[in-house]
Amino acid sequence: MPSLNDIRSTYLDFFKRNGHTVVDSSPLVPRNDPTLMFTNSGMVQFKNCFTGVETRDYKRATTAQKCVRAGGKHNDLDNVGYTARHHTFFEMLGNFSFGDYFKAEAIAFAWELLTRDFDIPKDKLLVTVYHTDDEAAALWKKVAGLGDDRIIRIPTSDNFWQMGPTGPCGPCTEIFFDHGDHIWGGPPGSADEDGDRYIEIWNNVFMQNEQFEDGSMIDLDMQSIDTGMGLERIGALLQGKHDNYDTDLMRSLIEASAHLTSNDPDGPGKVHHRVVADHLRSTSFLIADGVMPSNDGRGYVLRRIMRRAMRHLNMLGTQDVTMYKLVPALVRQMGTAYPELAQAQSLIEETLRLEETRFRTTLDRGLKLLDEELSGLPEGADLPGPAAFKLYDTYGFPLDLTQDALREKGRAVDVAGFDAAMEEQRAKARASWSGTGEAKDAKIWFELAEKHGATEFLGYDGEIAEGQIL
Ligand code: ATP
Ligand code: MG
Ligand code: MG
Ligand code: MG
């Protein structure tokens with residue numbers, strides 16, 4: 001059975017054999033791209049190659065790209081632990097053509113790799129195309145011999161791929177694998193397409209447009225190809241599993257979590273282990289790429305993911321600072337393919353250890369407060385905004401951590417109420433601020449405070465709390 005490390009190599013070797021240059025993954029923090037929080041797909045590092053702004057000494061490239069989808073246009077944070085196919089951190093395998101080959105070759109490469117090198121049974125595969133793309137539909141018929149019932153035309157943005165609000169984009173064709181009727185879910189485009197029976201494994205984008213901020217879209221001079229296949233998804237399939245979290249790599253992390261917390265990996269704490277395994281990867285790779293926990297921007301997303309994982313570890317019964325102890329298991333699995341991870345190991349461990357030490361001082365009390373609040377509410381009622389705000393402000397619970405905790409109980413937060421409480425506190429802080437008395441200074445100070453997050457979270461008991469403006 002091929003490991004994820006084997007599958008990554010098979011993919012890169014296949015495209016190398018077919019004239020592609022193997023290019024390293026770019027960092028998770030996109031360089032010079034303020035429109036994007038984290039690298040969310042393989043094409044990010046090649047964005048300017050599609051628009052013709054940049055040329056390289058190759059026209060075909062292939063990569064295994066580190067991706068994080070925990071914010072912005074593509075955000076899978078809330079799916080983690082609950083679907084079989086989503087991670088916040090995953091690896092996207094891709095092949096790219098910059099004005100070189102186009103639809104026909106891309107479809108032929110995809111079909112050959114899947115059905116010959118990976119030996120996937122043809123009758124388990126089906127594809128989607130953008131509803132107006134007759135050319136792609138005809139190619140699938142010709143190259144793969146697929147019948148019309150297995151070439152599904154989709155009119156929505158699912159088959160028109162965009163990295164973010166602006167940038168190169170285009171119609172796409174996606175390849176799905178049918179895991180069988182013992183799993184709930186319908187084919188793409190059907191009412192129950194959100195189920196996990198038909199899993200999208202590979203997206204092939206026909207890059208031919210560029211979207212601008214004012215809403216206009218142009219045809220690009222070049223016709224290019226950008227593809228993305230989730231390594232964990234193809235891995236599950238090739239290992240005879242349905243669930244990404246049952247692949248060798250993810251399973252070893254789940255087992256490490258189970259071992260460390262003296263729990264059964266498949267027992268009642270199963271969801272917690274899945275979340276921990278996923279968040280361990282995203283936080284470690286983000287730290288290795290230079291993101292540090294903070295109170296705004298990228299650093300706050302990192303803090304949110306870390307604290308979420310720490311709450312799940314707490315739910316598994318750990319009383320000690322724990323998460324950093326899982327880092328060696330991750331480095332063992334992925335440190336060879338991504339040497340930056342191994343190099344940053346002690347930085348990652350220390351960052352996780354400090355963050356958890358800090359968060360643990362308020363976590364138990366926050367969870368207790370949450371339970372008290374809930375017990376005083378009518379059955380099924382939303383947690384009121386002020387309570388969620390208190391958890392945020394005094395106990396360092398990011399809003400999504402509270403939402404995540406409530407989800408397990410079938411409850412939600414009154415988000416409008418939370419926002420109102422936040423705004424009220426800001427207004428109060430503004431009103432009581434004395435400073436130099438100069439209105440101009442005050443304005444600058446508040447702008448800075450809002451931009452950078454006012455303070456560091458130092459804990460409970462009269463110290464300065466997270467997000468608090470003095
Ligand atoms: P889905 O519809 O399942 O959420 P997507 O359409 O958002 O996937 P794309 O943006 O087309 O995904 O990304 C290309 C490929 O990357 C997908 O076909 C899938 O194999 C993989 N992928 C996307 N999101 C994730 C994720 N959160 N975790 C793991 N793999 C992913
Ligand atoms: Mg998605
Ligand atoms: Mg999709
Ligand atoms: Mg897709």
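We count residues from 1, following the sequence as given.
- The side-chain hydrogen bond (donor to acceptor under 3.5 Å, both in side chains) check on T247 picks up nothing, with sequence neighbours excluded.
- At least one side-chain heavy atom of R233 sits less than 4.5 Å from a side-chain heavy atom of H86.
- Using a cutoff of 4.0 Å between basic side-chain nitrogens and carboxylate oxygens, R407 and D78 are not scored as salt-bridged.
- Side-chain atoms of S257 do not come within 3.5 Å of backbone N or O of A277 as any donor-acceptor pair.
- S3 and N5 share no donor-acceptor pair across their side chains, judged by distance under 3.5 Å alone.
- When the salt bridge (Lys or Arg N to Asp or Glu O under 4.0 Å) test is applied to R150, no partner is found at least two apart in sequence or on another chain.
- Within the structure, every pair that satisfies the ring pair (Phe, Tyr, Trp, His ring centres under 6.0 Å) test and touches residues 181-203, not counting sequence neighbours, is listed here: Y11-W202.
- Counting only distance, with no hydrogens or angles, the side chain of D219 and the backbone of N209 share no donor-acceptor pair below 3.5 Å.
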Apply ring pair (Phe, Tyr, Trp, His ring centres under 6.0 Å) to residues F109 and Y101 and explain how you reach the verdict. CA-CA 11 Å; F109 281 145; Y101 64 86; 5.2 Å; yes
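- The structure places CG of L391 at 9.0 Å from CG of L401, a figure rounded to the nearest 0.5 Å.
- Atom CE of M306 is separated from atom NE2 of H279 by 12.0 Å, given to the nearest 0.5 angstrom.
- In terms of heavy atoms, R69 sits closest to M92 at NH2-CE, 3.5 Å.
- Considering only heavy atoms from C-beta on, F160 comes within 4.5 Å of Q162 through its side chain.
- Summarising the geometry of N203 relative to C172, their closest heavy-atom pair is OD1-CB, 3.1 Å, with the distance given to 0.1 Å.
- Using modelled atom types, no side-chain atom of Q345 and backbone atom of V331 make a donor-acceptor pair closer than 3.5 Å.
- Within the 3.5 Å criterion, the main-chain N or O of G94 finds a donor-acceptor partner in the side chain of T62.
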Verdict with reasoning, D117 to R17, per salt bridge (Lys or Arg N to Asp or Glu O under 4.0 Å): CA-CA 12 Å; D117 297 62; R17 229 170 38 236; 3.1 Å; yes
Checking side-chain hydrogen bond (donor to acceptor under 3.5 Å, both in side chains) for the pair T227/N95: CA distance, chi angles, key distance, verdict? CA-CA 6 Å; T227 90; N95 52 289; 2.7 Å; yes
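- Geometric assessment of R281 against the ring of F89 yields a negative cation-pi assignment under the 6.0 Å and 45° thresholds.
- Within 6.0 Å of CG in D266 there are more than 12 heavy atoms belonging to other residues, nucleotides or ligands.
- Looking at N159, its side chain never comes within 3.5 Å of a backbone N or O of P155 through a donor-acceptor pair.
- To the nearest 0.5 Å, atom OH of residue Y324 and atom CD of residue E350 are 9.0 Å apart.
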Report the C-alpha distance between F98 and R56 in whole Å, list the side-chain angles of each, state the deciding distance to 0.1 Å, and finish with yes or no for side-chain contact (heavy atoms from CB on, under 4.5 Å). CA-CA 9 Å; F98 311 115; R56 307 213 177 170; 5.8 Å; no
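- Of the possible donor and acceptor atoms, one in the side chain of D289 sits under 3.5 Å from a partner among the backbone N and O of L28.
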Begin with the C-alpha distance, continue with both residues' side-chain angles, and end with the deciding distance and a verdict on ring pair (Phe, Tyr, Trp, His ring centres under 6.0 Å) for H87 and Y245. CA-CA 9 Å; H87 305 279; Y245 291 81; 4.7 Å; yes
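- Taken to the nearest 0.5 Å, the CG atom of L36 stands 7.5 Å off from the OG atom of S41.
- For the residue pair T283 and R308, no side-chain donor N or O sits within less than 3.5 Å of a side-chain acceptor on the partner.
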Working note: L238 + F118, criterion side-chain contact (heavy atoms from CB on, under 4.5 Å); need CA distance, chi angles, decisive distance, verdict. CA-CA 7 Å; L238 296 178; F118 286 152; 3.5 Å; yes
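- Proximity of P168 to K47: side-chain heavy atoms (C-beta onward) are separated by under 4.5 Å at one or more points.
- Using a 4.5 Å cut-off on side-chain heavy atoms (C-beta onward), V127 and F176 make no contact.
- For P30 against M37, the heavy-atom pair with the smallest separation is CD-O, 3.7 Å.
- Looking at heavy atoms from C-beta onward, D243 lies in side-chain contact with R274 at the 4.5 angstrom threshold.
- Contact of the L237 side chain with the K124 side chain is not registered, since no non-hydrogen atoms from C-beta on lie closer than 4.5 Å.
- G396 approaches R307 most closely through the heavy-atom pair O-NH1, 2.8 Å.
- No donor-acceptor pair closer than 3.5 Å links the side chain of T115 to the backbone N or O of I120.
- Checked by atom type and distance alone, the side chain of D278 pairs as donor or acceptor with a backbone atom of T88 at under 3.5 Å.
- Judged as a side-chain hydrogen bond (donor to acceptor under 3.5 Å, both in side chains), and not counting sequence neighbours, the contacts of R311 are D404, E408.
- Heavy-atom contacts from other residues, nucleotides or ligands closer than 6.0 Å to CG of D6 number more than 12.
- Looking at heavy atoms from C-beta onward, L125 lies out of side-chain contact with L146 at the 4.5 angstrom threshold.
- Ion pairing between a basic and an acidic side chain is recognised when a charged N comes within 4.0 Å of a carboxylate O; D134 and R153 show such pairing.
- Atoms CG and CD1, on L286 and I305 in that order, are 6.0 Å from each other to the nearest 0.5 Å.
- A donor-acceptor pair is defined here as one N or O able to donate and one able to accept, closer than 3.5 Å; such a pair exists between the side chain of T39 and the backbone of P27.
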Please assess Q239 against D246 for the test side-chain hydrogen bond (donor to acceptor under 3.5 Å, both in side chains), listing each intermediate value before the final yes or no. CA-CA 9 Å; Q239 294 180 2; D246 289 331; over 6 Å; no
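- Remark: K325 does not engage D320 in a salt bridge, criterion side-chain N to carboxylate O under 4.0 Å.
- Every pair passing salt bridge (Lys or Arg N to Asp or Glu O under 4.0 Å) that includes a residue from residues 186-213 is listed here, sequence neighbours excluded: R85-D196, D178-R197.
- Of the possible donor and acceptor atoms, one in the side chain of S284 sits under 3.5 Å from a partner among the backbone N and O of L280.
- Remark: Q208 engages no residue in a side-chain hydrogen bond (donor to acceptor under 3.5 Å, both in side chains) (not counting sequence neighbours).
- The aromatic rings of H20 and F15 lie perpendicular to each other, with more than 60° between the two planes, well past the 30° mark.
- Heavy-atom minimum distance, A136 versus I107: O-CD1, 4.1 Å.
- A donor and an acceptor atom, one from each side chain of S25 and Q65, are located under 3.5 Å apart.
- L231 has its side chain out of reach of F90: every pair of non-hydrogen atoms, C-beta onward, lies at least 4.5 Å apart.
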